[in-house]
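Input: a single structure, listed below in structure tokens.
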Amino acid sequence: MAGRRIDWLWGQAIFYSGIVGFGIQVFWFLREGVWSGLSLIDVAKFGSDWPWLYEPQRWQGVHFTLNWVSLPLILLVWGAVLKELERSTKGWTL
């Protein structure tokens with residue numbers, strides 16, 4: 001029973017982190033007038049000096065897609081999936 005509660009909490013935490021992150025991005029946009037989203041590439045750059053993250057020579061389409069996808073969007077989808085899995089399976093663990 002405790003495992004189900006933890007799974008539900010994980011789904012909730014991830015989902016609401018996405019909502020908060022998206023809200024912060026909207027706030028910055030309304031304040032500055034420029035969209036400055038946090039992409040998966042931006043997150044990967046923290047603490048990494050992998051040259052592909054900064055100037056890709058190959059796999060430029062993958063880099064473009066990862067740079068385009070917003071982290072809060074990923075968190076929203078991931079959290080919603082976890083919440084739905086917990087609701088539908090009643091015991092699925094992470």
Side-chain angles (χ1 to χ4, degrees):
M1 187 68 162
R4 292 182 192 169
R5 178 77 177 153
I6 291 172
D7 295 341
W8 181 81
L9 286 174
W10 269 111
Q12 293 288 341
I14 293 169
F15 181 77
Y16 288 115
S17 295
I19 288 177
V20 168
F22 186 71
I24 290 170
Q25 288 180 348
V26 169
F27 174 77
W28 285 339
F29 172 73
L30 294 174
R31 183 174 158 195
E32 303 295 329
V34 176
W35 185 261
S36 58
L38 184 63
S39 73
L40 295 176
I41 292 290
D42 294 333
V43 172
K45 285 179 182 178
F46 290 123
S48 177
D49 59 352
W50 187 25
W52 183 81
L53 294 172
Y54 299 93
E55 295 180 18
Q57 300 299 317
R58 299 182 346 182
W59 293 93
Q60 293 174 351
V62 172
H63 186 275
F64 175 81
T65 303
L66 293 176
N67 200 28
W68 180 77
V69 172
S70 175
L71 179 64
L73 174 65
I74 295 297
L75 292 175
L76 278 169
V77 171
W78 185 25
V81 167
L82 286 178
K83 285 172 49 173
E84 179 59 28
L85 284 173
E86 171 56 28
R87 187 188 68 75
S88 65
T89 61
K90 300 292 185 206
W92 181 84
T93 58
L94 185 61

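Computation of the quantities below employed the complete heavy-atom set of this structure, encompassing side-chain atoms and omitting hydrogens, waters and symmetry-equivalent molecules.
At a threshold of 4.5 Å between side-chain heavy atoms, the hydrophobic network of Ile, Leu, Val, Met, Phe, Trp and Tyr places Y16 and F22 in two separate groups. Taking hydrophobic clusters as Ile, Leu, Val, Met, Phe, Trp and Tyr residues chained together by side-chain heavy-atom distances below 4.5 Å, L75 does not share a cluster with I19. The hydrophobic clustering, which links ILVMFWY residues whose side-chain heavy atoms are closer than 4.5 Å, places V43 and F64 apart.
Considering all non-hydrogen atoms of both residues, P72 and G18 come closest at CB-O, 3.4 Å. Closest approach of N67 and I41 over heavy atoms only: N-CG1, 3.5 Å.
Here the side chains of W35 and V26 are in contact, with some heavy-atom distance below 4.5 Å. Residues L76 and F15 have side chains in contact (heavy-atom distance under 4.5 Å, counting atoms from C-beta outward).
The line from CG of L71 to OG of S17 is 9.5 Å long, rounded to the nearest 0.5 Å. Taking CH2 from W78 and CH2 from W10, the interatomic distance works out to 7.0 Å, rounded to the nearest 0.5 Å.
Within a 6.0 Å radius of OH in Y54, other residues, nucleotides and ligands contribute more than 12 heavy atoms.
When each of T65, L73, V69 is paired with L40, the side chain to side chain contact (heavy atoms under 4.5 Å, CB included) condition holds for V69 and for no other.
Note: H63 and W52 have perpendicular aromatic rings, judged against thresholds of 30 and 60 degrees for the angle between ring planes.
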